[in-house]
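One structure is given below, encoded as structure tokens.
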Amino acid sequence: MVEATTYTLIDGRKISTDIKNEIAQRVAERKQLGKKIPHLAIILIGDDGASQTYVDNKVKACKTVGFHYTMMRFADTISEERLMKHIDHVNNDDDVDGFIVQLPLPDHISVEHITEKIRSDKDVDGFTNHNFGSIISKNPLLMPATPFGVMELLRRYNIETEGKHAVVVGASRLAGAPLSMMLVEQAHATVTICHKYTVNLPNYTRSADILLVAVGKPGLITADMVKEGAVVIDIGTTRVEGTEFAKGWAIKGDVDFKNVAPKASFITPVPGGVGPMTIASLLLNTLRATELRNP
Ligand code: NAP
């Protein structure tokens, strides 16, 4: 039987609103001082509905904080070569401070080629090898947006991390791998990384003071896999269809929230936890890129 404790719900929506307000304030100050206003450029390829929604939300966020933005749309038949030329153009446009290419890309275009083509000082998604590697340098540059958002949540909820055992489930280039490095370098945690080939996953998750999950398998983490009092951060977001949901579908995390929450000290909901932080991180990175280029 699960013993009921009182947990703190980590409210990503509130924190992301706080961050947007702080950024809007800094933009207003820059404007008053006659300094450059941050400018984010977004490239969207094809007409995937989910990508369109993500991009719409990014544009809306730019408007909220007072950033300038440029939207560039191309058909999904665009060749990699032509896309590279457009990227070059944005790389060389002095007015653009931050620049993202919305993923996923059509199959004939290499994500790696495109990512590496973006100038690292404008790479506000923090995807380039240069920015990825800078996590372990003395001078971290533009941080991968989702892990950056997770680190902000831990920081703003004053969650103790130093010397704690953080177990990261999922080791992707986008989420788990950079998050693990950030937890070591910036939060001084002792980190275990688990992935698809990990034998006896519960053995590791049960020893976590902080459990962070980025897999994309709803319900992967059950209550028996979590230590009493653990901090639980759920990065997973999977669209699940079902007649039981009002809209016919719902977004689910990797953690069985209902049964895990009573054992946790802090826990993120899905949606409304890590998700809203990714856009907040993108805005923070764009402001940082602007400040680095135009102090
Ligand atoms: P991904 O590239 O598919 O990576 C998934 C990772 O999970 C891989 O490292 C994989 O291991 C590992 N894995 C697969 N099955 C596993 C299992 N049974 N046990 C342990 N590890 C397992 O996905 P991703 O891009 O990292 O995204 C992961 C989830 O986070 C998705 O639901 C995604 O939608 C969500 N996400 C959310 C946001 C946000 O803004 N909230 C941002 C990014 C991602 P291998 O490396 O061995 O294959």
Side-chain angles (χ1 to χ4, degrees), residues 10-16 19-20 48-51 53-58 60-61 100-105 110-112 115 124-127 131-132 135 143-154 166-183 191-208 211-222 224-226 232-241 249-257 260 267-285:
I10 297 181
D11 187 346
R13 286 201 183 101
K14 181 195 173 295
I15 299 292
S16 101
I19 290 173
K20 283 184 205 153
D48 174 65
S51 293
T53 306
Y54 293 139
V55 163
D56 288 347
N57 288 338
K58 288 170 189 177
K60 196 170 144 210
I100 62 169
V101 178
Q102 182 65 45
L103 301 181
L105 297 174
S110 153
V111 175
E112 203 171 353
T115 304
V124 287
D125 263 335
F127 286 166
N131 283 324
F132 187 81
I135 296 172
M143 294 293 94
T146 299
F148 184 17
V150 171
M151 298 302 289
E152 276 297 300
L153 287 178
L154 295 176
V167 175
V168 180
V169 186
S172 76
R173 177 75 163 77
L174 202 72
L179 178 59
S180 306
M181 293 201 300
M182 289 163 92
L183 285 161
V191 178
T192 299
I193 310 174
C194 300
H195 44 75
K196 201 167 52 185
Y197 303 104
T198 298
V199 178
N200 198 353
L201 181 64
N203 195 29
Y204 296 93
T205 57
R206 275 189 209 118
S207 72
L211 178 62
L212 309 103
V213 194
V215 172
K217 287 199 162 60
L220 176 72
I221 304 297
T222 48
D224 60 312
M225 295 168 76
V226 179
V232 181
I233 307 288
D234 191 352
I235 299 156
T237 45
T238 306
R239 186 178 153 128
V240 177
E241 317 272 331
W249 57 272
I251 297 295
K252 293 283 176 193
D254 291 336
V255 174
D256 171 11
F257 183 90
V260 168
I267 187 165
T268 53
V270 176
V274 174
M277 293 300 292
T278 300
I279 290 188
S281 304
L282 176 73
L283 298 173
L284 279 173
N285 271 342

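Both ligands and their constituent atoms are indexed starting at 1 by order of listing. Note: hydrogens, waters and symmetry copies are ignored here, and every other heavy atom, side chains too, is used.
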Atom 47 (O) of ligand 1: the protein heavy-atom neighbour that sits closest, reported with distance to 0.1 Å: K196 CB, 3.2 Å
Minimum-distance protein heavy atom relative to atom 30 (O) of ligand 1: I235 O, 3.4 Å
4.0 Å heavy-atom contact, G176 with ligand 1: no
Distance from atom 42 (C) of ligand 1 to nearest protein heavy atom, with residue and atom: T146 OG1, 3.1 Å
Sidechain-backbone polar pair: S172 side chain, A175 backbone, donor-acceptor under 3.5 Å: yes
Shortest reach to atom 46 (O) of ligand 1 by a heavy atom, considering only R239, R173, H195: H195
Nearest candidate to atom 24 (P) of ligand 1, where distance is taken over non-hydrogen atoms, out of G253, C194, S172, P178: S172
Side chain S16, main chain M277, donor-acceptor under 3.5 Å: no
Per atom 8 (C) of ligand 1, closest listed option by heavy atom (P271, S281, A171): A171
Donor-acceptor pair, side chain of N285 and main chain of V124, under 3.5 angstrom: yes
Partner of I267 by side-chain contact (heavy atoms from CB on, under 4.5 Å), out of D234, V232, L211: V232
Inter-residue atom distance I135.CD1 - M143.CE, 0.5 Å rounding: 5.0 Å
Identity and separation of the nearest protein heavy atom to atom 41 (N) of ligand 1: G275 CA, 3.5 Å
Protein heavy atom at shortest distance from atom 39 (C) of ligand 1: T278 OG1, 3.7 Å
Derivation of the side-chain contact (heavy atoms from CB on, under 4.5 Å) call for D254 and I235: CA-CA 7 Å; D254 291 336; I235 299 156; over 6 Å; no
Distance from atom 31 (C) of ligand 1 to nearest protein heavy atom, with residue and atom: G216 CA, 3.7 Å
Protein non-hydrogen atom below 4.0 angstrom of atom 27 (O) of ligand 1 present: no
Distance in Å, K60 NZ paired with K20 NZ, rounded so as to fall on 0.5 Å steps: 7.5 Å
4.0 Å heavy-atom contact, T198 with ligand 1: no
Numbered atoms of ligand 1 (with element) below 4.0 Å of Y197, judged on heavy atoms: 47 (O)
Numbered atoms of ligand 1 (with element) below 4.0 Å of G170, judged on heavy atoms: 6 (C), 7 (O), 9 (O), 12 (C)
Nearest option to atom 23 (O) of ligand 1, as decided by whichever heavy atom of V215, T237, L174 sits closest: V215
Under 4.0 Å to a heavy atom of A175 - the qualifying atoms of ligand 1, by number: 26 (O)
Subset of ligand 1 atoms that lie under 4.0 Å from at least one heavy atom of K217: 14 (C), 15 (N)
Check: F127 main-chain N/O paired with R173 side-chain donor or acceptor under 3.5 Å: yes
Polar side-chain atom of S281 near backbone of A145 as donor-acceptor pair, under 3.5 Å: yes
Set of residues satisfying side-chain hydrogen bond (donor to acceptor under 3.5 Å, both in side chains) with respect to R206, sequence neighbours excluded: none
Closest heavy-atom pair and its distance - I193, G170: CG2-O, 4.3 Å
